[in-house]
Amino acid sequence: AQSVTQPDIHITVSEGASLELRCNYSYGATPYLFWYVQSPGQGLQLLLKYFSGDTLVQGIKGFEAEFKRSQSSFNLRKPSVHWSDAAEYFCAVGARNTGFQKLVFGTGTRLLVSP
Amino acid sequence: DVKVTQSSRYLVKRTGEKVFLECVQDMDHENMFWYRQDPGLGLRLIYFSYDVKMKEKGDIPEGYSVSREKKERFSLILESASTNQTSMYLCASYRTSATYEQYFGPGTRLTVT
């Protein structure tokens, strides 16, 4: 069965510094991969997605992620973090060929931004 | 813009009460989901529905049931609420042709006392 691991529960980054959030997945076939962001008290908003093609994908709010098949990873990056980026980030994998379509989510990484 | 709305942002219920959580989407999506979100556990799928009157159990269906009588509405039912069902509940939907890209509602924070 597919699974997603986000090894960092919390990360603190200084405003203006770069950010990388880690995500590793387990799935036999080529996965659909997603990053969602959840601001406090809100639902989840899609940041970016990877289905196929170029392994570096661009998303909203200046985020990007790189799919590395050899490492089973889909890490999220941002070159310069803003205080408004403080939120919880979830990586998810979708199964392409199961009988029904669902996403499996990681446990999330909470990003704190220090001044 | 896709809009997924949930009937309540905050709800407080007593143990043993029957609880209804409502979710409505306005984009004619075939698929709708209910998740619960708990700290350190991420999002866990309770039930999903791929069509009117159709439902499938997710990973943690025990203690819950669902109803989908209309395409735009998906209800989560706690037949007899218990304190261990205190959680954040998130509804999501997506169009089958749009490859798993789920749109989420704002969530309902349910407290069972």
Which region of [X], side chain (C-beta onward) or backbone (N, CA, C, O), has a non-hydrogen atom less than 4.5 Å from a non-hydrogen atom of chain A, or is it both or neither?
| X | value |
| --- | --- |
| Leu41(B) | backbone |
| Asp38(B) | neither |
| Arg9(B) | side chain |
| Gln37(B) | side chain |

Exercise for the section: Check the pair Tyr89(A), Arg110(A) against side-chain hydrogen bond (donor to acceptor under 3.5 Å, both in side chains), reporting the backbone distance first and the verdict last. Expected result: CA-CA 6 Å; Tyr89(A) 293 79; Arg110(A) 183 168 297 279; over 6 Å; no
Determine whether the side chains of [X] and [Y] contain a donor N or O and an acceptor N or O closer than 3.5 Å.
| X | Y | value |
| --- | --- | --- |
| Thr109(A) | Glu88(A) | no |
| Glu66(A) | Thr55(A) | no |
| Tyr89(B) | Arg109(B) | no |
| Glu62(B) | Tyr64(B) | no |
| Asn84(B) | Ser82(B) | yes |
| Gln25(B) | Glu72(B) | no |

Completion exercise
Whatever's closer than 4.5 Å to a heavy atom in chain B on Ile9(A) counts as neither
Problem - Interface moiety of Gln6(A) toward chain B, non-hydrogen atoms closer than 4.5 Å - result: neither
Problem - Any side-chain heavy-atom pair of Glu22(B) and Arg73(B) under 4.5 Å - result: yes
Practice task
Step by step, work out the side-chain hydrogen bond (donor to acceptor under 3.5 Å, both in side chains) result for Tyr36(A) and Gln38(A).
Solution key: CA-CA 7 Å; Tyr36(A) 283 85; Gln38(A) 184 181 33; over 6 Å; no
Handout entry: chain A-proximal positions within residues 12-20 of chain B [heavy-atom distance under 4.5 Å]
Key = none
